[in-house]
Every structure is written in C-alpha cells, then in structure tokens.
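Throughout, a chain's letter reflects where its sequence line sits, starting with A, and its residues are numbered from 1.
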Amino acid sequence: MSLENELKELIIKDLKLVDVTPEDIKDEDPLFGEGLGLDSLDAVELVVILQKNFQIETKDMEQSKEVFTSIKTLADYVRSKTGAQ
Amino acid sequence: MFAAITGFGCICAAGSSIGEVMMSLYSGKRNPAPPKKIAAGLEKLPPVFEIEDDLCKINSPKGLTRTNRLLQIALEEALKQADINREQLAGKRVGVIIGTTVGCTMVQESVYRDYKNHRDPHKESLFQGLYNNPALYISKEYGLSGPATSIVNACSSGTDAIGMAKGWIDSGLCDMVIAGGTDELSRTTYLGFNSLLNTSFEACRPFDKERKGLNLGEGAGVVIVENSDLAAREGRKRLGSVAGYGSSGDAYHPTAPHPAGAGLIRATMFALKCAGLQAEAVSFINAHGTSTVENDKVEGKVIRQIFSDSATVVSTKSYTGHTLGAAGAIEAVLSLQALLDGRVTATAGYENFDEECGIAPTTETTKIKGNIALSNSLAFGGNNSVLLLKGCA
Amino acid sequence: MTAHVLGIGTVSALGCGIDSFKSGLEGTAAPLIKEEEIKTPSGRIRSKAFRTEVVGLDRFMPKPKLRRIDNFLQTALMASYLSIEDSGLEIEDKTRTGVIFGSGYGALQTSLSFFDDLIDYGDKCASPTQFANSVHNSLVSNVSINLKLQGPCLTVSALEMTTASVFSTALAWLDSGAVDYVLAGVGDEYSKVNSYAAHLMGAEGVEAMKPFAFDECSYIPGEGFVTFMLGKKASPRQYGRIDKVLSGKDTSLADRELNALFLSANGDKETGRYYKALELPHTGLFSYSALYGGMPVGQGFDLAAAALSLKEGVYYRSSGHGITASNQAGPIKIDMTKGRTHIGCLQYDKDGNCSLISISG
C-alpha cells in the first residue's frame with residue numbers, strides 16, 4: 001500500500017471519520033476547513049497518529065500547519081522524516 | 001442579608017499561605033520548572049508550578065490524597081482568618097462546594113496499570129480512588145451537616161463553586177458554605193494538556209504577543225461564605241462578599257473557545273446584572289489569562305469590548321500556573337487580597353502588546369480605585385464563568 | 001423553590017425512552033444484563049452487569065457529528081434529546097436554558113482508554129480527544145454544543161449525593177430567574193473495573209439484586225443516563241412538581257407529607273445498613289434498582305419512576321428478588337382525588353449522608 005493510502009486509512013480510523021473511504025480523499029485535497037472538514041482537535045490528534053505509527057514527534061503546531069495541509073504534504077513529510085517510500 | 005466572606009486561604013507554588021503568596025507576587029518571584037513529583041516519558045518536559053513538599057505540611061490521615069491535603073491547608077487558613085473552630089462549624093448548617101478535576105478521578109492510573117497487568121489492585125488502593133471526592137472528604141472530616149458537592153466543570157470549577165455558594169446562602173439552604181477548589185499535578189492532566197499542544201516550554205506570558213502556551217500548576221483556594229446576618233451576630237469581621245456570578249456555555253467546540261467570546265460576554269453581563277453593577281464599577285479584572293494563543297485572544301477581545309481600554313487587567317496565573325479546578329478559587333482569593341491591599345500586582349512575563357488580544361495587562365504593581373474585582377474562568381467545552389467580588393475597606 | 005418536570009429521557013438497561021422504562025416498571029420488559037469474565041484475586045469469574053445500548057441517536061444527530069462521541073456521551077445525548085422531545089417544548093431563547101449533569105464516576109471507559117494508550121504506546125501517545133472527553137464536563141459541553149443550549153453549564157460529582165446536588169442547583173437556577181428551563185441529568189458508565197470493585201465489596205456470584213435484603217451483598221453494577229426537562233411553569237404534559245431537595249446529615253424524614261418512599265437501595269451492604277435503620281411509618285415503600293442496576297446516581301432513575309407514578313396514577317411493584325410481604329405491593333392505584341400525592345426518593349451514601357428528593361402530583 002502506498003504511504004498516501006496508509007495515511008488515509010489511519011486518518012479515517014483514528015479520527016473516526018464517518019462514511020468516508022480512502023477513495024473519497026484526494027491527495028491534494030485540503031484536510032482542514034473546507035476540504036475534509038477537520039478542526040483544531042483533529043490537528044493535535046494527527047500529531048499522535050504520526051507519533052504512534054511513524055515515531056515522528058511534532059512539537060510546534062505553527063510549523064506543522066504547512067505539513068498538515070493535505071495527504072500529499074503529510075506523506076512528503078513522513079518520507080523526509082523516516083525515509084519511507 | 002447577603003453572601004459575606006469572612007475568611008479565605010490558599011496554597012500554590014507561590015507560597016503556602018496568602019501572606020507568602022502575596023510576597024512572591026509583589027516581588028515578581030516565580031519559578032516554573034520541570035515536574036519533580038510526576039514522571040513523564042517525554043523528551044522535553046514542559047515546566048510546571050509545583051509546590052515544594054516542605055510547604056505542604058499538615059497532620060493528615062494516612063492515605064489522604066495530595067489534592068485533599070492541599071485543600072485542607074487552604075481551609076485551615078481560611079477558618080483561622082474567620083476565627084471559627086471545629087465546634088462552631090458543627091453547630092451550623094455548613095455546606096461544602098469544591099471545584100476539582102483530579103480530585104474526582106475515580107480510577108487512578110497506577111491502580112488501572114495494576115489491574116491491566118493482572119497485579120490485582122487492593123481494595124484500599126481502588127477505593128481510595130473511589131472515595132477521595134474532596135467535598136465529601138471535608139464534610140466528613142469536619143463533621144458537617146449541610147449538603148456537599150464537588151464541581152467538576154473543568155477549568156471554571158473553582159469559580160463556579162464560589163458562585164454556587166452565593167446561591168446556597170441567598171436561598172437559605174445553608175448558614176455557611178466552605179467554597180473553593182483544589183487540584184494536584186497529575187500525569188493525566190500533564191500528558192493531556194501536552195497532547196493538546198497548548199503547554200509552553202517557557203514560563204507563561206499571559207496576553208503577550210510571543211506567548212507559547214500555559215504552564216500547569218497545583219494548589220487550593222478556599223473562601224468562607226456565610227449569611228451576613230449570622231456573621232454580624234457572631235461578631236465575625238466581614239472581609240468582602242460574593243457580589244455576583246454568571247455562567248454561560250459557548251455551545252461551540254469541545255476544546256476551542258467561541259471566536260467572538262459569545263458565552264463569556266453573556267456570563268459577564270449576567271454577573272454584572274446579578275450584582276446590580278455597571279461595567280465601570282469594576283476596579284480590576286483577574287483574567288483567566290492562561291497564556292494560550294486562543295484563550296488570551298478571545299478573552300482580551302471580550303474584556304476590551306465590555307470594559308474600557310484602560311481597564312486594569314492582571315493574570316495571577318503567571319505566578320501560580322494553571323491550577324485547573326483550583327484556579328478560579330485561588331484567583332478569587334488573590335483578588336480579595338488585592339482589594340484589601342488596594343493594589344494589584346504586575347502580570348509576570350508580559351512584555352509585548354498583542355493587537356489580537358487588544359489589552360495590556362499590568363506590568364507593575366498598580367493602585368486600584370473602588371472595591372470590586374471581577375474574576376474570569378473559561379473552561380473546556382466552552383463554559384464561561386464570571387465572579388464579582390466586593391472587598392470591605 | 002420548586003420545579004415542574006416537563007419531560008424525561010431515559011437510557012438504561014431497559015432501553016431508550018421513557019416508554020421502555022415504563023414497560024420495565026410494569027414488568028413487561030426485562031433489563032439487559034450481560035455477563036463477562038473478569039480477573040479477580042480469587043481467579044477468573046463470570047460477572048454480571050446492567051448494560052445500555054443506544055439505538056436511534058441518528059434520528060437526532062447526523063452521523064458525521066457522532067464521530068467523536070463515545071458511548072457515555074451517546075447515552076447523555078440520547079437522554080437529552082429524548083427528554084426535550086418528551087416535553088414537546090419548543091425552546092425559543094436557548095440562552096435561557098441551563099444544563100446541569102452529575103455523575104458519580106464520570107466517563108470511566110474513556111478515562112481508561114486514555115490510560116490504555118499511555119500503557120500500550122507510551123506517554124507521547126496520549127490522545128487529546130480522549131483527554132477532552134474524559135473530563136467530567138465533556139457531557140454537558142457536548143450536549144450544549146449539539147442542542148445549542150447556551151445558558152449556564154455545570155457538572156457536579158458527589159457519589160451517591162450527586163443527584164441531590166444536581167436538582168438543588170437546577171431549582172436554584174430556576175428560582176434565581178437566570179433561566180426558563182433546565183436540562184438536568186445524571187448518569188454513570190460501566191467498566192470492567194466496576195465489576196472488579198463489586199467483587200472486592202463482596203458481591204461474589206450474585207445472580208440477582210435484592211434491594212430489600214439490606215444485610216446481604218447483592219450488588220450488580222449498572223449504567224445509564226436519565227435527564228429531566230425542568231421549568232417554572234406547569235404544562236399539560238407534565239409529570240409532577242419537585243418540591244424539595246435535601247442532602248447531608250440533617251435531612252429529616254419525619255416529613256409526614258410523603259405518601260410513599262422510593263429507596264435507591266441496591267444490594268450494597270455498606271449503604272444497606274442505613275436503609276435498614278430507617279424508621280419508616282410509610283405504607284408505600286418501593287425500590288426499582290433491580291431494573292437499572294447499581295450506580296451512584298440510581299436516585300435519578302427512581303425520580304423518573306416517581307414522576308411516572310404520578311403521571312399514571314399508579315405505584316409500580318418493586319423489582320428484584322427477596323421482596324417480602326411488607327413491600328410487595330403494586331401495582332396500586334393512587335387515589336389522586338385526595339389532594340396531592342407526595343413521593344420521596346431517598347438515597348444514602350457510605351458515610352450515612354442522605355439525599356431526599358420529593359416530588360408531588
């Protein structure tokens with residue numbers, strides 16, 4: 001499975017999104033606000049998802065804003081931190 | 001008849017009595033540091049305002065939780081100030097209302113770890129968790145006959161407790177109410193706030209442009225609220241009164257405040273109406289001022305909207321840390337003392353004006369006019385509580 | 001200070017809604033009791049518990065909104081929607097409706113799940129959502145968010161004195177004129193730790209609750225949520241009027257006005273001794289804990305039963321085993337022509353504090 005799909009599945013499962021499948025989420029779609037409709041509480045939960053599954057520690061929300069833009073930016077970030085493909 | 005205040009006391013990282021705490025405040029002394037009594041598996045530990053163990057001395061029964069011990073220290077100080085002994089308490093209808101978060105944790109983490117790892121926890125350790133309700137503890141320990149309840153309204157609990165005490169006195173339910181709040185530092189709140197990414201790795205800076213988040217603290221505050229006629233009859237000196245209280249929900253988000261502070265505005269207006277006062281009558285505001293980006297922005301906006309630009313605002317959390325369920329009670333006690341002293345202290349850590357907050361808190365000890373203090377509390381889930389206290393000059 | 005009960009919402013082992021609760025009282029429906037294996041110092045045992053299942057919440061809330069709503073929150077939300085629906089009220093000014101809830105134990109399951117993450121994944125993996133949901137007042141905040149209620153919001157906790165604390169505050173709010181209505185509710189959540197605790201209390205191999213066997217431990221943990229829509233003014237659909245809420249040590253039972261007493265005795269020996277010591281002049285003595293299970297806020301469900309009794313004009317038969325001749329009455333028709341009927345709901349805690357809520361109709 002691609003890292004992008006893995007992230008989609010993790011987000012759906014851990015943020016308990018209802019009636020959303022990985023296919024519904026486009027890699028470039030915004031995760032917050034308009035797009036998937038995530039909010040500030042999801043943002044901090046996303047930090048835990050990265051910690052739990054990729055051992056990536058996020059300390060500053062301000063710096064993470066760009067990283068959390070879309071599945072694509074998130075996957076790029078995970079790759080840069082872990083060397084995953 | 002009204003809800004008179006005849007005694008108060010507090011303990012927090014700034015000191016173990018109101019005198020000690022005020023000395024720290026006036027001298028600008030504060031020392032947040034990584035926690036010593038709780039362990040956390042984090043690479044970098046956010047600092048906390050922790051109470052030194054030697055401050056926490058009291059003869060207390062074995063197995064008493066730290067939360068209840070802190071509460072009892074503050075209560076003893078308040079009773080001493082009001083000059084009431086245990087026998088006098090027993091002869092009255094005395095109620096207890098205590099705000100807390102940790103104090104009502106029914107299953108402690110250590111007990112659950114044992115349970116989960118099949119190291120059968122003992123009855124005593126399990127039931128200590130079940131029966132450490134602070135209000136019920138005080139009621140039992142002091143042999144009180146009135147109603148007792150703990151308020152678990154997250155960060156506004158201490159304020160709500162004192163506001164409710166006014167209700168219990170006004171309605172004639174009690175002659176006297178022991179009202180306050182208490183919380184010890186715990187792994188649950190420490191790791192919980194850390195997970196919300198709103199704790200700062202530096203000392204907190206309420207309303208400052210560069211603020212990075214809150215520091216947790218621990219402590220307790222207690223106010224003796226009683227029927228003013230009874231206090232006069234028994235010759236107890238009135239130090240102040242609970243003049244008004246307002247509470248309102250944002251109905252907005254589980255952890256974020258309403259962006260325009262709708263609930264806080266309603267709560268403030270209601271507290272003023274309840275006290276029969278205009279905004280101009282308020283001498284100073286002890287803000288919730290946690291130093292998180294969102295809280296200070298919303299709270300600052302509301303203060304500016306309701307009160308004039310030149311309103312005197314202080315955040316005493318800059319000396320005590322955010323003591324959660326105790327915060328509102330400790331802040332009420334510090335506000336009362338400020339009214340008696342006729343001055344408020346500087347807000348530690350504040351340097352740079354933030355347009356988004358729109359207010360500048362005190363930067364030095366400031367003389368106040370009048371005798372009305374307003375104390376704000378904003379809690380998780382969008383609950384806003386506002387207390388108006390009157391001091392007796 | 002008084003308040004009229006305008007609507008009730010129950011979520012209990014008997015199902016969701018006041019009608020299912022009534023069926024239980026009438027004896028035509030049985031509570032959901034589940035058995036599971038728990039590890040205790042004396043080995044693995046099978047343990048029973050009264051459990052709730054929330055069905056139909058999507059009738060009130062779109063599914064996507066339910067995503068962060070854990071089980072306990074679901075029971076509170078469901079009960080809240082049901083009580084407003086039951087009242088038939090159209091609330092005009094939502095800033096003048098307060099919400100006050102109480103719980104003896106709080107959101108136990110969520111608190112334990114929060115610990116599970118710390119234990120299984122380490123301190124860095126504390127879940128912010130679970131932390132927020134584990135805070136006692138998350139129920140009230142989520143109810144106020146979803147029902148858009150913007151009056152005062154408060155959560156209290158005082159073990160067996162919780163229900164009294166909720167209602168005395170609700171009455172004070174109404175009396176102060178701060179609100180037109182109050183949504184007042186109490187609830188508790190089951191977790192395996194409750195069964196473990198019940199075992200340590202001496203509830204070993206309990207098959208059925210015997211509320212009137214005060215010397216015997218027959219405690220079976222339960223869970224559920226019950227909410228009441230309260231108002232200053234009476235309405236045609238209402239259940240009765242809450243006249244008095246007393247708690248503490250000095251609540252006098254010598255209230256001769258009471259026609260019947262509903263005891264929250266629940267098979268716990270430590271509180272049982274206080275019910276046993278009561279000198280009860282009353283002819284009507286009832287208990288329904290064997291329908292909803294043992295929990296600190298049992299009194300809330302008894303208040304729902306009392307409200308139903310007044311509405312339907314009948315005392316339902318006590319539930320549970322070991323009911324003796326003196327308390328087997330029911331169903332008995334209440335003679336409502338002889339003026340008001342007063343029912344007292346009474347609960348004790350382990351220190352002998354007493355909570356008395358009286359309702360009349």
Side-chain angles (χ1 to χ4, degrees), chain B residues 40-42 93 95 101 104-107 109 112-113 115-116 118 120 123 126-127 130-131 133 135-136 139-140 144-154 160 164 167-168 171 173 187-188 191-192 194-196 246-255 262-263 266 270 379-383, chain C residues 1 39-41 68 94-95 99 105-106 108 111-112 114-116 118-119 122-124 126-128 131-133 135-138 140-142 144-145 148-159 161-162 164-165 168-169 172 175-176 178 193 196-197 200 247-250 349-351 353:
Chain B
L42 305 173
R93 281 180 308 153
T101 61
C104 282
T105 307
M106 289 304 151
V107 180
E109 186 191 346
Y112 184 62
R113 274 182 191 266
Y115 173 79
K116 192 168 154 124
H118 302 304
D120 307 322
K123 195 172 172 177
L126 182 65
F127 288 102
L130 289 176
Y131 301 119
N133 187 298
L136 297 178
S139 182
K140 188 177 177 182
L144 308 177
S145 62
T149 191
S150 290
I151 305 292
V152 281
N153 223 24
D160 293 317
M164 272 180 70
W168 284 11
S171 69
L173 188 64
R187 272 173 49 80
T188 303
L191 295 171
N194 186 64
S195 77
L196 285 160
S247 155
S248 175
D250 278 347
Y252 177 69
H253 187 270
T255 53
R266 277 195 301 274
F270 195 83
F380 256 17
N383 192 71
Chain C
M1 288 193 292
K39 165 93 171 46
T40 72
R68 282 188 199 129
K94 294 196 172 185
T95 65
V99 188
Y105 298 148
L108 262 187
S111 304
L112 300 183
F114 179 81
F115 291 151
D116 279 332
L118 301 185
I119 298 168
D123 290 357
K124 287 178 195 167
S127 158
F131 175 61
N133 280 350
V135 179
H136 281 73
N137 76 332
S138 74
V140 165
S141 352
N142 275 284
S144 91
I145 290 167
K148 302 273 171 270
L149 302 176
Q150 294 145 41
C153 291
L154 198 68
T155 308
V156 301
S157 178
L159 292 171
M161 297 297 105
T162 301
S165 171
S168 61
T169 307
D175 193 59
S176 74
V193 179
Y196 182 88
L200 295 185
S247 71
K249 285 253 160 50
D250 64 350
D349 77 1
K350 289 178 170 58
D351 296 319
N353 292 309

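Heavy atoms closer than 4.5 Å to chain B are found in both the backbone and the side chain of C:S157. For C:L118, the parts lying under 4.5 angstrom from a heavy atom of chain B are both the backbone and the side chain. For C:D351, the part lying under 4.5 angstrom from a heavy atom of chain B is the side chain only. Contacts of C:I119 with chain B are made by both backbone and side-chain atoms, with heavy-atom separations under 4.5 Å. With a threshold of 4.5 angstrom between heavy atoms, C:A132 approaches chain B through its backbone and through its side chain. Of the two parts of B:K140, only the side chain, counted from C-beta on, holds a non-hydrogen atom closer than 4.5 Å to a non-hydrogen atom of chain C. For a residue to count as touching a neighbouring chain, one of its non-hydrogen atoms must lie under 4.5 Å from one of that chain's; by this rule C:T162 does not touch chain B. Heavy atoms closer than 4.5 Å to chain C are found in the side chain of B:S171, but not in its backbone. For B:R113, the parts sitting under 4.5 Å from any heavy atom of chain C are the backbone and the side chain alike. Heavy atoms closer than 4.5 Å to chain B are found in both the backbone and the side chain of C:A178.
The closest side-chain heavy-atom distance from C:L154 to B:M164 is below 4.5 Å. Looking at heavy atoms from C-beta onward, C:D116 lies in side-chain contact with B:Y112 at the 4.5 angstrom threshold. The shortest side-chain heavy-atom distance between B:M106 and C:S111 does not fall under the 4.5 Å cut-off. Residues B:V107 and C:L112 form a side-chain contact, since some pair of their non-hydrogen atoms from C-beta on lies under 4.5 Å apart.
Contact count versus chain B (heavy atoms, under 4.5 Å) is highest, among C:A172, C:S138, C:G151, for C:G151. Chain C forms more heavy-atom pairs under 4.5 Å with one residue of B:S195, B:A154, B:S139, B:G381 than with any other, namely B:S195. Of the residues considered (B:L144, B:L42, B:D120, B:I151), B:D120 shows the highest number of contacts with chain C, using heavy-atom pairs under 4.5 Å. For the options C:V99, C:L108, C:T40, C:D349, heavy-atom pairs under 4.5 Å to chain B are most numerous at C:T40. Counting heavy-atom pairs closer than 4.5 Å to chain C, the top-ranked of the candidates B:A379, B:G167, B:S150, B:P147 is B:S150. Between chain C and the residues B:D250, B:N194, B:L136, B:T101, the largest count of heavy-atom pairs under 4.5 Å involves B:L136. Each of C:P128, C:S141, C:S144 has some count of heavy-atom pairs under 4.5 Å with chain B, and the biggest count is that of C:P128. Options C:N142, C:T95, C:D175 differ in how many heavy-atom pairs under 4.5 Å they form with chain B, and the most are formed by C:T95.
Not one N or O on the side chain of B:T149 forms a donor-acceptor pair closer than 3.5 Å with the backbone of C:V156. No donor-acceptor pair under 3.5 Å is formed between the side chain of B:N153 and the backbone N or O of C:N137.
To the nearest 0.5 Å, atoms OH (C:Y105) and OG1 (B:T105) are separated by 14.0 Å. With rounding to the nearest 0.5 angstrom, the CD atom of B:E109 is 8.0 Å from the CZ atom of C:F114. Atom NZ of C:K148 sits about 10.5 Å away from atom OH of B:Y252, to the nearest 0.5 Å. Separating the NZ atom in B:K123 from the OH atom in C:Y196 is a distance of 11.5 Å, to the nearest 0.5 Å. For the atom pair CZ (C:F131) and OG1 (B:T188), the distance works out to 7.5 Å, reported to the nearest 0.5 Å. Atom-to-atom distance recorded for B:W168:CH2 and C:T169:OG1 is 6.5 Å, nearest 0.5 angstrom.
Atom NZ of C:K124 sits in a crowded spot, with more than 12 heavy atoms from other residues, nucleotides or ligands closer than 6.0 Å.
For the pair C:Q150 and B:A251, the tightest heavy-atom approach, listed with the atom from each and the gap, is CG-CB, 3.7 Å. Between B:N133 and C:A158, the shortest heavy-atom contact is ND2-CA, 3.5 Å.
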